[in-house]
Amino acid sequence: MPDNQIEEVKSRTDIVAVIGERIELKKAGRNFKSTCPFHGEKTPSFMVSPELQIFKCFGCGEAGDVFAFLEKYEGMEFGEALRYLAERAGIKLQRTQFGESSEKEKLIEINTQVVRFYNYLLLEHPVGAKALEYLEKQRGIKKETIKEFNLGFSPENSYALKKFLVDKKKFTPIDIEKAGIGIARGTNLYDRFNGRVIFPLFDHRGNPIGFAGRVLPWDKRETGKYINSPETPLYHKSSVLYGLNITRGFIKKKKVAIVVEGELDLISSWQAGIKNIVAIKGSALTEEQVKLLSRFAPKFILALDSDFAGDAASRRGIKVASDIGVEVKVAKITGYKDPDDAARGNIESYKKDLIGAEGVYDYFIDSVFSRINSESGAGKSKISKEIVPIIAEIADKIVQSHYANVIARKLGVPLEAVMEELGKIGVHSETGQPARIATQSVAGGARRELLEERFLTLAFQSDPKILLSKSTAGLITIPINKRLVEEYTKFDTKKAFSVTEFGEKLPAELFQGFSEMVLSDNQNLLENPDELNRELDLVEKELKIHTVKEKLKLLASQMRDTEENGDKEKLLKAQNDFNKLAKSLSGYEEEDGGGVILRDIE
Ligand code: ZN
């Protein structure tokens, strides 16, 4: 792939548009901002610069260009991101080095063929006829739904798979084993899913990453009802959300995600018109799943048929959800054993159950009280041991005390007792804290660094011409910042300042610092020129005081030297200079009632 094609793709792509399709961006001065998709936070510190075509999170440090974003956010590899962006921009890529696929892409290619193969056997071939009849007649799944979800059938005899994949498509048994579909035996291949109905599993972008196989009711083999792909480079059980590739648009639109357990729960609900839905394929809602799903909706309704309150992984998932501000509710399905039954039995009552979902902490409390008898002392203690740690993880203290009250009431004990138990549990939340640059007790060199960066940031975000003025000359002294000012002086300063052009001219070691200055969020100041000027004045003044103090220190040491040497003339001059400077310093400090305090920098 010639470099100029990568450049062409980049130049015809707008990072703001690409990121904006995935997360909600708000204008912030010359940049756009959002809460960060890569770490949990409630206050936005994720910034995107249209001028520099880069993003940076000031909370977790993730940063880069549009390729880096897609690699991190969508899990794409570079070649994949390039092809995606090229297609988006309508550019035809010449297939050279990036035409060769990586291992992951090879496995996706194998899976794609297998999805088609199994789907064909189910829908078109006599070998799948009985399975098709079972799905349609007994499970009530329509043909269009089978097509939508690419359901398939794997024949009992593994020979057909081998003939198709190895003999016809020329994949090696080893690669097929890597994809998790078969087990290689020399040149032979044993089909892991044989004799089962196949539910292909896709990632949220629609890449086939694995399979689930469900036994047919007449299958007398002693195996589990479902088998899944083993962990492969593509398939990671804990992060799969079944159906998301098809339902993500509906979830985004409704701003709610219904979460069910199994493939059939999802398919039946979908067919009955509940389309903003995903299945977690098991009973644990993991942290990875929560993070992925929270990109699409701020609210989840869990309609799980088993009691997941006792499951540690699920509790961790719920905590992550509440840390990143996702509202989680739990629906109890009434009258039916699971969402699949309910969707086929009485869709109206099922919908009512979903609408009537209760808060997840109410659910946890109900669950523990329904399992353990709260009458006896031992029972009370057991309940407290299970529920208090869960309540302790609620970050919002008001919500927490509400639930402490509920528990105290249900246990028939004073609120203080529950609060005391809560107090025993140290709560340390590692997520949800916005990053802050410490502004207090930063002394000497660090303070100067902070002031210089602040000054340059405000200058580059508003009008850097201020850097050319006489009054600011000599204020910037840290070498890397000084170089930045020098680069600006060399830059064409007659035209209106272009961040893009200036950024392109900068050497790499200066670009890093410059981009952070341009990306930091100063929306309020930029929208308010008076405030901006006041802030600039304050920073400028404090920098001057700093500079004077540094000079005074230097003079003082010179004076000590000359006193020892006995050079009277030199000493007199140094004393004179010192006095003048000291006077100017007191002038600065009096003006503002002594000292200038740099306001909070966030
Ligand atoms: Zn972040």
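Sequence positions, counted from 1, serve as the residue numbers for this chain.
Between Ile277 and Thr247, the closest heavy-atom pair is O-OG1, 2.8 Å. Nearest heavy-atom pair across Gly210 and Ser229 is CA-OG, 3.3 Å. Taking all atoms of both residues into account, the shortest heavy-atom contact from Asp338 to Asp341 is OD1-N, 2.8 Å. When every heavy atom of Ile347 is checked against every heavy atom of Ala343, the shortest pair comes out as CB-O, 4.1 Å. The heavy-atom pair separating Ser158 from Asp191 by the smallest distance is OG-N, 2.9 Å. Minimum interatomic distance between Pro155 and Ala160 (heavy atoms only, all atoms of both residues): CG-CB, 4.2 Å.
Between Pro339 and Ser268, the closest side-chain pair of non-hydrogen atoms is not below 4.5 Å. Counting heavy atoms from C-beta outward, Leu519 and Ile54 have side chains that approach closer than 4.5 Å. Side chains of Ile183 and Leu189 form no contact here, defined as non-hydrogen atoms less than 4.5 Å apart. You'll find the side chain of Arg295 stays beyond 4.5 Å of the side chain of Ile23, heavy atoms only. Between Gln53 and Val66, every side-chain heavy-atom pair lies at or beyond the 4.5 Å cut-off. Counting only heavy atoms from C-beta outward, the side chains of Leu107 and Lys178 approach each other to under 4.5 Å. At a threshold of 4.5 Å between non-hydrogen side-chain atoms, the residues Ile267 and Ile141 count as touching. Side chains of Phe117 and Val115 form no contact here, defined as non-hydrogen atoms less than 4.5 Å apart.
For Gln289 and Thr286, the side-chain atoms include at least one donor-acceptor pair closer than 3.5 Å.
Using modelled atom types, one side-chain atom of Asn346 and one backbone atom of Glu348 make a donor-acceptor pair closer than 3.5 Å. Without hydrogens or angle criteria, Thr112 side chain to Ile108 main chain gives a donor-acceptor distance under 3.5 Å. Between the side chain of Asn31 and the backbone N or O of Asp521 there is no donor-acceptor pair closer than 3.5 Å. Side-chain atoms of Glu177 come within 3.5 Å of backbone N or O of Ala184 as a donor-acceptor pair. Of the possible polar contacts, none joining the Glu263 side chain to the Arg214 backbone as a donor-acceptor pair under 3.5 Å is found. Checked by atom type and distance alone, the side chain of Glu327 never pairs as donor or acceptor with a backbone atom of Ile301 at under 3.5 Å. The closest donor-acceptor contact from the side chain of Arg192 to the backbone of Gly180 lies under 3.5 Å. Using a distance-only test at 3.5 Å, with no hydrogens or angles considered, no donor-acceptor pair links the side chain of Asn194 to the main chain of Asn157. The backbone N or O of Cys36 sits nowhere less than 3.5 Å from a side-chain atom of Ser34 that would complete a donor-acceptor pair. Formation of a donor-acceptor pair under 3.5 Å by the Asp353 side chain with backbone atoms of Thr334 is found in this model.
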* Residues Thr500, Glu51; criterion side chain to side chain donor-acceptor pair (under 3.5 Å); working and verdict -> CA-CA 5 Å; Thr500 316; Glu51 293 159 313; 5.4 Å; no

* To do: I would like to know whether Lys281 and Glu261 meet salt bridge (charged side-chain N to carboxylate O under 4.0 Å, His left out); could you show each step before the answer?
  => CA-CA 5 Å; Lys281 291 183 52 53; Glu261 273 180 27; over 6 Å; no

* Asked: Would Glu80 and Arg205 satisfy salt bridge (charged side-chain N to carboxylate O under 4.0 Å, His left out), going step by step from the backbone distance to the final call?
  -> CA-CA 12 Å; Glu80 218 180 338; Arg205 292 178 285 133; 3.1 Å; yes

* Kindly determine whether Leu85 and Phe67 satisfy side chain to side chain contact (heavy atoms under 4.5 Å, CB included), including the steps that lead there. => CA-CA 9 Å; Leu85 291 175; Phe67 290 106; 3.8 Å; yes

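With Phe58 as the aromatic partner, Lys56 meets the cation-pi criteria of under 6.0 angstrom to the ring centre and within 45 degrees of the ring axis. By the 6.0 Å and 45° rule, Lys27 stacks over the aromatic ring of Phe32.
The 12-atom threshold is exceeded at CD of Glu21, counting heavy atoms of other residues, nucleotides or ligands nearer than 6.0 Å. Other residues, nucleotides and ligands contribute at most 12 non-hydrogen atoms within 6.0 Å of the NZ atom of Lys237. Within 6.0 Å of atom CD in Glu231, more than 12 heavy atoms from other residues, nucleotides or ligands are found, so the atom counts as buried in its surroundings. Around NZ of Lys252, the count of heavy atoms belonging to other residues, nucleotides or ligands within 6.0 Å exceeds 12.
Taking the salt bridge (Lys or Arg N to Asp or Glu O under 4.0 Å) definition, one finds that Arg139 meets it with Asp340, sequence neighbours left out. Residues forming a salt bridge (Lys or Arg N to Asp or Glu O under 4.0 Å) with Asp219 (at least two apart in sequence, or on another chain): Arg221. For Arg116, the salt bridge (Lys or Arg N to Asp or Glu O under 4.0 Å) test picks out no residue, with sequence neighbours left out.
A centroid separation of 6.0 Å or more is found between the aromatic rings of Phe199 and Phe211.
To the nearest 0.5 Å, atom OG1 of residue Thr232 and atom CD of residue Glu103 are 9.0 Å apart. Atoms CD1 and CD1, from Ile390 and Ile318 in turn, are 9.5 Å apart once rounded to the nearest 0.5 Å. A distance of 3.5 Å separates CD in Glu288 from OG in Ser238, rounded to the nearest 0.5 Å. To the nearest 0.5 Å, atom CD1 of residue Ile146 and atom CG of residue Asn119 are 8.5 Å apart. For the atom pair Tyr118 OH and Phe164 CZ, the distance stands at 10.5 Å (nearest 0.5 Å).
Under the 4.0 Å criterion applied to side-chain N and carboxylate O atoms, Lys332 and Glu358 are assigned as salt-bridge partners. Checked for salt-bridge contact, Arg12 and Glu8 meet the test: a charged N lies under 4.0 Å from a carboxylate O. A salt bridge links Glu74 to Arg22: at least one charged side-chain nitrogen sits closer than 4.0 Å to a carboxylate oxygen. Look at Lys291 and Glu287 and you find a salt bridge, because one of the NZ, NE, NH1 or NH2 atoms lies within 4.0 Å of a carboxylate O, short of that distance. Comment: Glu148 does not engage Lys142 in a salt bridge, judged by the lack of any side-chain N to carboxylate O separation of less than 4.0 angstrom.
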With a cut-off of 3.5 Å and sequence neighbours excluded, list every side-chain donor-acceptor pair involving residues 166-174.
residue	atom	partner	partner atom	Å
Lys170	NZ	Asp167	O	2.8
Thr172	OG1	Asp175	N	3.1
Thr172	OG1	Asp175	OD2	3.3

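Ring geometry for Phe38 against Phe46 counts as perpendicular: the plane angle is over 60°, on a 0 to 90° scale with 30° as the lower cut. Aromatic ring pairs are classed by plane angle as parallel below 30°, tilted from 30° to 60° and perpendicular above 60°; the pair Tyr361 and Tyr403 is tilted.
Sorted by first and then second residue, the ring-ring contact (aromatic ring centres under 6.0 Å, His included) pairs with a member in residues 219-258 read Phe250-Trp270; sequence neighbours excluded. Judged as a ring-ring contact (aromatic ring centres under 6.0 Å, His included), not a single pair has a partner in residues 315-356 (not counting sequence neighbours).
When Leu121, Leu123, Val197 are each tested for a side-chain contact (heavy atoms from CB on, under 4.5 Å) with Leu132, only one passes: Leu123.
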